[in-house]
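The structure appears right after this line, and notes come after that.
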Amino acid sequence: MDMNILMVTSETVPFSKSGGLADVVGALSQSLSEMGHEIRVFMPMYSFIDRDDWKKTLSYQIPMLGKNEKADILEKKVGNVTYVGFAHPYFTTRKGIYGDTSFQPYSDNCPRFLAFAKAAALYLAATDWKVDIVHCHDWTTGLVPHYLKHFKVETKTVFTIHNLAYQGVFPLLDAVISSTRIPKSAQRGERGHKTINMMAAGLLDSDYITTVSPNYMEEIKTEDYGCSLSDIIRKREESSRGIINGIDYDEWNPEKDGNIKANFSSSDLKGKEECKKALLEEFRIEGYEDKPLFSMISRLADQKGFDELLLEGSPCALERILEKNDSAFVIIGTGDSRYVTKLSLLMAKYRNLSVKIAFSLPLSHMAEAGADFFLMPSRFEPCGLNQLYSMRYGTLPVVNSTGGLKDSVKDMTEEDGTGFVFSPLNPDTIVKAVERAVEFHKDKEKLKAARIRAMEIDSTWKRSAEAYEEVYRSLI
């Protein structure tokens, strides 16, 4: 039986993106549509979205406190997926998604996403489309399951946690003065210090909870990773599941990738050496063609382990690695000024380190294809995508044993190993894991075999979509 499924999200490829959430929703929606389901994606119409070919299909009123807000609904089909745009000044007049920059969230994000949640529920109430599943993504959609019940829309709901650290927490007063009714499920804290927590509401009011890897689902049941919501996660254990993300095999394909120097495959790896030479030239590193080359593509942030890599110890972990002079590093990313400064100082000192403070998709493809190893010392990682991209390109990941990294990378001590897994996260374990990779690089036959194993792992979205389909069917 084919199903009617509404995705509700604050961002989605190909129209809006600030991070991996947009990639997941876009790819999952297309994969489910290819399996025969009717998929619609409810999303805000931001000012930067080109409105060519969008058609206005509906207008209705959203009840907020003491007034009604007019919503216009626009639709556009991409492939087999219908994208449903919610047009309101909260979104159409803004420069960004959550703020003008990633460091400055809008002060009225609480009423913005309260209105968005109501609009999603009212869209279904105002149409005759019989929906089977409403799939809500992250904190911005946390109030959707409640409002579906409030507006008497009969459906089942799935709520996916992409990153529990971001919860949509605001003073309760901000919500009360902008809306008509705030459910108890969204209210946290003691009298006088009450907040609205949109993530908590989604966890409590949805029929089923998923997150983006099995191991992350287990981690967030603990106090260390649960971000003050582990009690709710544990209570919902019988109706929750971790499903690891897939990757877009059209975009991340070493056999057809137009961003890399030479194409290659698991049956013909010759082009990978050409990609390595091109990467070294791009980053102006000389004399390391035959030595291990590591890459990193990351936000320069504590979550990604840069405190352990760059700040802890003297010398720091990266300096200890570079000092040996038996490997080279290329790093691409933007973020915390502390890490930008430290990397600049190290780059001036070591010829085997080159850093580009930038976000560049072509450079990212070059780094994934050209490196021998990919370092991800993340403190926590709900799923992670770069380790999946790396393996697709025969670049072996070196990862902390956390979240989706633990689920997707097998250590070389196992017969079918695809990378190097270390734990706990500290400067010494990072250095030792890199040293293991450097030593492994010396055995070219083992290196080649590991690359082939990594490249032949199935990380398609079809696999993940089938798991979500199983969850949907269990509900209806």
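This chain uses plain numbering: 1 for the first residue, then up along the sequence.
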(Q) Apply salt bridge (charged side-chain N to carboxylate O under 4.0 Å, His left out) to residues Glu218 and Lys221 and explain how you reach the verdict. (A) CA-CA 6 Å; Glu218 293 307 309; Lys221 293 173 187 174; 3.0 Å; yes
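- Side chain of Asp138 to main chain of Thr140: no donor-acceptor pair is present (N/O by atom type, distance under 3.5 Å, no hydrogens or angles).
- For the pair Phe374 and Ser295, the tightest heavy-atom approach, listed with the atom from each and the gap, is CD1-OG, 3.2 Å.
- Heavy atoms from other residues, nucleotides or ligands lying under 6.0 Å from NZ of Lys156 number 12 at most.
- Counting only heavy atoms from C-beta outward, the side chains of Gln30 and Val78 approach each other to under 4.5 Å.
- When every heavy atom of Thr160 is checked against every heavy atom of Thr211, the shortest pair comes out as CG2-CA, 4.5 Å.
- In this structure, CG in Leu172 is found 8.5 Å from SG in Cys110, a value given to the nearest 0.5 Å.
- Under the 6.0 Å distance and 45° angle rule, Arg392 counts as a cation-pi partner of Tyr249.
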Q: Report the C-alpha separation of His137 and Glu11 in whole Å, then their side-chain angles, then the decisive distance to 0.1 Å, and conclude whether the side chain to side chain contact (heavy atoms under 4.5 Å, CB included) test is met.
A: CA-CA 9 Å; His137 295 268; Glu11 55 184 275; over 6 Å; no
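- To the nearest 0.5 Å, atom CG of residue Asp407 and atom CD1 of residue Ile244 are 5.0 Å apart.
- A donor-acceptor distance shorter than 3.5 angstrom exists from the side chain of Glu219 to the backbone of Gly403, with no hydrogens or angles considered.
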Q.
Could you walk me through whether Tyr83 and Leu74 satisfy the side chain to side chain contact (heavy atoms under 4.5 Å, CB included) test, starting with their C-alpha distance in whole Å, then the side-chain angles of each, then the deciding distance to 0.1 Å, before giving a yes or no?
A. CA-CA 8 Å; Tyr83 290 85; Leu74 292 78; over 6 Å; no
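- Few gaps surround CD on Glu414; more than 12 heavy atoms of other groups in view lie less than 6.0 Å from it.
- Within the 4.5 Å cutoff, the side chain of Ile243 has no heavy atoms near those of the Met217 side chain.
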Q. Going through the distances and angles, do Glu38 and Trp129 end up as a side-chain hydrogen bond (donor to acceptor under 3.5 Å, both in side chains)?
A. CA-CA 11 Å; Glu38 182 176 345; Trp129 187 52; 3.3 Å; yes
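- Between Tyr472 and His135, the angle of the ring planes goes over 60°, which puts this pair in the perpendicular group of the 30/60° scheme.
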Q. Checking side chain to side chain contact (heavy atoms under 4.5 Å, CB included) for the pair Asn245/Asp23: CA distance, chi angles, key distance, verdict?
A. CA-CA 10 Å; Asn245 289 334; Asp23 295 311; over 6 Å; no
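- Of all heavy-atom pairs between Ile332 and Ala367, the closest is CD1-CB, 3.9 Å.
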Q: Could you walk me through whether Asp411 and Thr413 pass side-chain hydrogen bond (donor to acceptor under 3.5 Å, both in side chains), step by step?
A: CA-CA 5 Å; Asp411 191 79; Thr413 53; 2.9 Å; yes
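- For the pair Phe306/Arg338, no side-chain contact is recorded, criterion being any heavy-atom separation below 4.5 Å from C-beta on.
- Side-chain contact between Trp252 and Leu385: absent, with no pair of heavy atoms (C-beta onward) separated by less than 4.5 Å.
- Using modelled atom types, one side-chain atom of Arg236 and one backbone atom of Ser206 make a donor-acceptor pair closer than 3.5 Å.
- Closest approach of Leu164 to Gly226, counting heavy atoms only: CD2-O, 3.2 Å.
- One side chain, Ser10 or Tyr98, offers a donor N or O that lies under 3.5 Å from an acceptor on the other.
- Looking at Trp54 and Ile49, their side chains come closer than 4.5 Å, going by heavy atoms from C-beta outward.
- Remark: Phe294 CZ to Leu396 CG distance equals 9.5 Å, nearest 0.5 Å.
- Checked by atom type and distance alone, the side chain of Gln387 pairs as donor or acceptor with a backbone atom of Cys383 at under 3.5 Å.
- The aromatic rings of Trp139 and Phe113 sit perpendicular, their planes meeting at an angle over 60°, well past the 30° parallel limit.
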Q) Would Lys95 and Asp100 satisfy salt bridge (charged side-chain N to carboxylate O under 4.0 Å, His left out), going step by step from the backbone distance to the final call? A) CA-CA 6 Å; Lys95 180 180 173 183; Asp100 283 346; 5.8 Å; no
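- The closest side-chain heavy-atom distance from Met7 to Leu32 is below 4.5 Å.
- A donor-acceptor contact shorter than 3.5 Å is absent between the side chain of Thr429 and the backbone of Ser423.
- The two atoms that bring Lys342 and Cys316 nearest to each other are CE-SG, 4.0 Å, heavy atoms only.
- Counting only heavy atoms from C-beta outward, the side chains of Leu204 and Ile232 approach each other to under 4.5 Å.
- Here Phe373 contributes atom CZ and Arg436 contributes atom CZ; the two are 10.5 Å apart, rounded to the nearest 0.5 Å.
- Cation-pi contact between Arg94 and Tyr106: present, with separation from the ring centre below 6.0 Å and deviation from the ring axis of at most 45°.
- Looking at Thr395, its side chain does come within 3.5 Å of a backbone N or O of Glu368 through a donor-acceptor pair.
- Phe420 contributes atom CZ, which lies 15.5 Å from atom NZ of Lys410 (distance to the nearest 0.5 angstrom).
- For Tyr166, the OH atom is loosely surrounded, since the number of other residues' heavy atoms within 6.0 Å does not exceed 12.
- With hydrogens and angles ignored, the 3.5 Å screen pairs no side-chain donor or acceptor of Tyr216 with any backbone N or O of Ile161.
- Between His150 and Tyr147, the two ring planes are perpendicular [angle over 60°; tilted spans 30° to 60°].
- Checked for salt-bridge contact, Glu470 and Arg241 meet the test: a charged N lies under 4.0 Å from a carboxylate O.
- Under a 3.5 Å cut-off, the side chain of Glu312 and the backbone N or O of Asp307 do not form any donor-acceptor pair.
- Two rings, from Phe42 and Tyr123, have their centers less than 6.0 Å apart.
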**Q.** Steps toward side chain to side chain contact (heavy atoms under 4.5 Å, CB included) verdict (Phe15, Val41)
**A.** CA-CA 11 Å; Phe15 299 107; Val41 181; over 6 Å; no
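- Residue Asn400 holds its CG atom at 4.5 Å from CG of Leu425, rounded to the nearest 0.5 Å.
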Q.
As a quick check of understanding, evaluate salt bridge (charged side-chain N to carboxylate O under 4.0 Å, His left out) for Lys462 and Glu34, giving each step before the final call.
A. CA-CA 9 Å; Lys462 185 176 186 295; Glu34 289 166 9; over 6 Å; no
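- For the pair His37 and Glu469, the minimum side-chain heavy-atom distance is below 4.5 Å.
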Q: Step by step, work out the salt bridge (charged side-chain N to carboxylate O under 4.0 Å, His left out) result for Lys77 and Glu75.
A: CA-CA 7 Å; Lys77 203 154 191 174; Glu75 294 187 8; over 6 Å; no
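- When all heavy atoms of Arg451 and Gly394 are compared, the pair lying nearest together is CG-O, 3.1 Å.
- More than 12 heavy atoms of other residues, nucleotides or ligands shown are found within 6.0 angstrom of NZ on Lys149.
- At a cut-off of 3.5 Å, with distance as the only test, a side-chain donor of Ser230 or Glu223 sits close to an acceptor on the other residue.
- Under 4.0 Å is where a charged nitrogen must lie from a carboxylate oxygen, and between Arg473 and Asp132 no such pair does.
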